[in-house]
Protein chains: 2
Amino acid sequence: MIRFRLTKIAESLPATVPFVGPETQERARGLRFDARLGANESVFGPSPSAVRAMAETPQWMYGDPESYDLRHALAHHLGTSADTIMVGEGIDSLLANLVRLFVAQGDAVVTSDGAYPTFNYHVAGFGGIVHKVPYKQDFEDLAALFDKAREVDAKLVYLSNPDNPMGTVHSGSDIAAALDALPSGTLLVLDEAYLECAPETSAVPVAYDDPRVIRLRTFSKAYGLAGARVGYAIGHADVIAAFNKVRNHFGMNRSAQEGALAALSDQTWLRSVVARITSSRLRIGKIATSCGLKPIKSATNFVAIDCCRDNAFASRVMEEMLAQGIFVRMPMVAPLNRCVRISCGTPADLDLLAEVLPEALRRAEKG
Amino acid sequence: MIRFRLTKIAESLPATVPFVGPETQERARGLRFDARLGANESVFGPSPSAVRAMAETPQWMYGDPESYDLRHALAHHLGTSADTIMVGEGIDSLLANLVRLFVAQGDAVVTSDGAYPTFNYHVAGFGGIVHKVPYKQDFEDLAALFDKAREVDAKLVYLSNPDNPMGTVHSGSDIAAALDALPSGTLLVLDEAYLECAPETSAVPVAYDDPRVIRLRTFSKAYGLAGARVGYAIGHADVIAAFNKVRNHFGMNRSAQEGALAALSDQTWLRSVVARITSSRLRIGKIATSCGLKPIKSATNFVAIDCCRDNAFASRVMEEMLAQGIFVRMPMVAPLNRCVRISCGTPADLDLLAEVLPEALRRAEKG
């Protein structure tokens with residue numbers, strides 16, 4: 001038998017994937033999905049000017065390793081300085097590097113039980129210990145998170161606001177107030193992937209370079225550029241600079257940099273998408289309600305639908321939807337996993353949902 | 001003063017970059033370069049069918065985390081199985097993950113003194129120790145590399161073939177023969193970024209799944225897709241599977257996956273590019289020779305030009321070329337750093353080179 005000399009940590013890790021991709025499922029079923037509503041992508045797509053910018057970018061040149069233009073445009077847009085911003089290959093990549101910078105073997109982090117598994121994946125990948133606190137009535141529990149951080153001396157505490165997978169949101173002022181209880185040695189990793197879909201009051205009213213917080217944002221959700229892989233971190237200049245110690249400096253796709261830049265300058269498109277997200281959320285809610293289910297109020301581009309039974313039932317509902325051509329996902333941990341999570345779709349996608357969901361429920365009842 | 005609780009390794013690392021990008025230099029000089037011949041990009045660009053495929057790819061969908069189609073197309077092209085192939089965001093990203101899998105704090109690796117600094121950057125980033133052996137007459141020294149690997153019990157030994165920055169190449173059969181001396185606990189990291197530019201005899205005639213070797217290849221060089229960030233590793237299925245323990249599963253840009261797939265199927269374009277590379281290499285050689293310099297025979301898409309004096313002189317030559325609008329780089333370590341490295345260019349690029357180089361030499365003589 002061949003033995004490769006992996007590190008002890010690598011040896012101990014499973015060869016896993018935080019999420020199975022829809023293409024993998026399509027290959028398994030031998031059929032494409034008719035509606036792709038499982039990964040919180042934006043079916044409304046990116047700004048046409050972003051599409052144009054990407055198509056016009058010469059592909060033979062490496063991207064600018066500083067993402068200078070994009071960082072400066074973001075800084076201008078936000079009203080902060082460019083040294084508080086780091087651009088990376090999506091929030092996942094920024095999370096990986098952030099965890100690598102802070103978490104050595106045995107170091108503690110805190111998150112909510114059922115929150116974004118990719119954070120946990122990276123923490124495990126560097127030998128860290130993930131401590132979890134439960135959701136509180138489908139909201140991430142700020143007090144419990146920060147209390148636990150103190151208890152375990154956490155390097156990082158992860159909070160998504162708005163939350164994924166439940167779609168709930170805290171007001172920014174509640175988070176700012178809760179920050180008083182954040183231990184001084186803990187950095188709040190605030191995942192704001194869905195912020196553009198949320199009420200304006202969801203942004204946390206503390207300075208962008210507040211050393212207690214690093215915010216993670218993305219062009220993958222409301223901006224409609226999931227395939228391009230562009231995320232950014234905003235935080236204290238010292239933390240932002242630390243990424244330069246470990247990141248893949250030439251990792252950014254050049255046309256993605258140009259696409260994000262164009263997307264950012266088309267705020268009219270963003271507003272129109274957010275309006276379509278809002279109306280799509282409403283319609284998903286109505287479809288669910290008409291089937292006797294309970295949509296959870298969402299500040300994101302998806303709706304978690306409480307199937308009002310146990311996990312086994314919700315799983316059957318999801319499986320039936322998948323079998324009938326609608327790609328959806330569900331939370332993986334109790335009590336969240338009584339829900340099915342449905343991303344916003346086009347009117348045609350939701351017509352299909354309205355047709356498929358009642359039948360999926362009927363079959364799940366029998367199952 | 002604010003103190004962030006970075007890991008000990010992160011604390012010890014400089015915030016550095018293996019290479020300064022040309023855009024950074026352009027911003028500093030307030031002027032664009034007229035010819036971009038410093039990063040071994042392909043000025044001849046990618047296959048038009050790749051450009052078309054990328055423009056047609058919907059950007060709102062995440063890429064397939066398995067890169068299934070691309071891995072299978074590569075497997076078919078190479079005559080190996082898909083489980084011996086891992087696709088990643090360029091060779092740099094694959095190197096980072098490979099080092100992460102194998103190198104824990106204090107672990108030894110071996111490379112050549114002056115070879116690819118990004119490998120060293122990643123080893124340092126995980127607390128590993130880089131041992132270096134000198135080049136031998138501008139070639140990487142196979143026997144010295146493998147001897148040193150045995151001496152320091154190296155986890156990895158890095159070899160680029162063809163070599164960067166010198167452009168020299170070993171025959172594949174020489175490498176295969178040298179493998180007999182590779183210690184059984186050492187994995188050979190064979191960086192074949194420039195293989196498509198080299199004679200066919202440069203490929204190493206051992207099985208793709210030979211457990212002693214992992215090969216790294218890319219669409220960034222002859223395929224002309226540096227901006228897209230697509231590389232791949234070929235090796236034993238167990239090593240390839242190990243990437244799934246740590247990689248950013250959703251890190252691949254979707255249109256880059258499609259572009260690479262299209263580029264791979266246009267081997268006619270690849271051959272035409274390689275022909276242009278060959279003639280560009282010849283002309284760079286002639287220009288250098290006519291200035292009294294010595295071009296080093298190259299199997300890549302660049303030529304290292306021996307300026308036949310010391311490092312200070314070669315540096316002045318490079319600075320003068322930069323000042324006159326030609327982006328070039330040079331090796332960073334003696335004795336390689338008596339050279340300036342010039343990537344293949346279009347006829348117009350090389351007209352400019354023919355004009356600028358004699359003047360740059362005159363000024364460097366005075367300097």
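It should be emphasised that the depicted structure is a prediction, and the values quoted were computed from it without experimental measurement.
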[options]: which one forms the most heavy-atom pairs within less than 4.5 Å of chain A?
options: B:Ala96, B:Pro46, B:Gly185; result: B:Gly185
options: B:Ala228, B:Gly125, B:Ala104; result: B:Ala228
options: B:Lys221, B:His249, B:Glu11; result: B:His249
options: B:Gln257, B:Arg52, B:Met252, B:Glu56; result: B:Met252
options: B:Val20, B:Val43, B:Leu225; result: B:Val43

Residue pair [X] / [Y]: nearest heavy atoms and the distance that separates them:
X: A:Glu23; Y: B:Gly63; value: OE1-O, 4.5 Å
X: A:Ala256; Y: B:Asn253; value: CB-ND2, 4.1 Å
X: A:Ala154; Y: B:Arg5; value: O-NH2, 3.2 Å
X: B:Leu101; Y: A:Ala10; value: O-CB, 3.5 Å
X: A:Ala241; Y: B:Ala15; value: O-CB, 3.8 Å
X: B:Asn244; Y: A:Tyr121; value: O-OH, 3.4 Å

Measure [X] against the heavy atoms of chain B and call it side chain, backbone, both or neither at under 4.5 Å.
X: A:Met61; value: both
X: A:Ala39; value: both
X: A:Lys8; value: neither
X: A:Pro211; value: both
X: A:Phe19; value: both

[X]/[Y] ion pair, N-O < 4.0 Å:
X: B:Arg229; Y: A:Glu89; value: no
X: A:Asp64; Y: B:Arg27; value: yes
X: A:Asp92; Y: B:Arg247; value: no
X: B:Arg254; Y: A:Glu41; value: no

Could you please spell out the steps behind the side chain to side chain contact (heavy atoms under 4.5 Å, CB included) verdict for A:Leu6 and B:Lys245? CA-CA 11 Å; A:Leu6 301 185; B:Lys245 295 166 174 260; 4.2 Å; yes
Are A:Arg100 and B:Phe126 in a cation-pi contact, defined as NZ or CZ under 6.0 Å from the six-membered ring centre and within 45° of the axis?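 Yes, A:Arg100 sits over the ring of B:Phe126.
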Top residue by heavy-atom pair count (under 4.5 Å) with chain B, among A:Phe102, A:Tyr62, A:Phe250?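 With the most close heavy-atom pairs to chain B, the winner is A:Tyr62.
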Closest-packed option against chain B by number of heavy-atom pairs under 4.5 Å, given A:Val51, A:Asp238, A:Thr24, A:Asp107: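 Highest number of heavy-atom pairs under 4.5 Å: A:Thr24.
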What's the spacing between B:Leu94 CG and A:Asn248 CG if we round to 0.5 Å?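 One finds 9.5 Å between CG of B:Leu94 and CG of A:Asn248.
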Between CZ on residue B:Phe4 and CD1 on residue A:Ile214, distance to nearest 0.5 Å: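 Going from CZ on B:Phe4 over to CD1 on A:Ile214, the span is 8.5 Å.
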With heavy-atom distances below 4.5 Å as the criterion, would you say the side chains of B:Arg36 and A:Trp60 are in contact?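 The answer is yes; the side chains approach within 4.5 Å.
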Please check if the number of heavy atoms outside A:Arg29 that lie under 6.0 Å from its CZ is greater than 12.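 For A:Arg29, atom CZ is crowded (more than 12 foreign heavy atoms under 6.0 Å).
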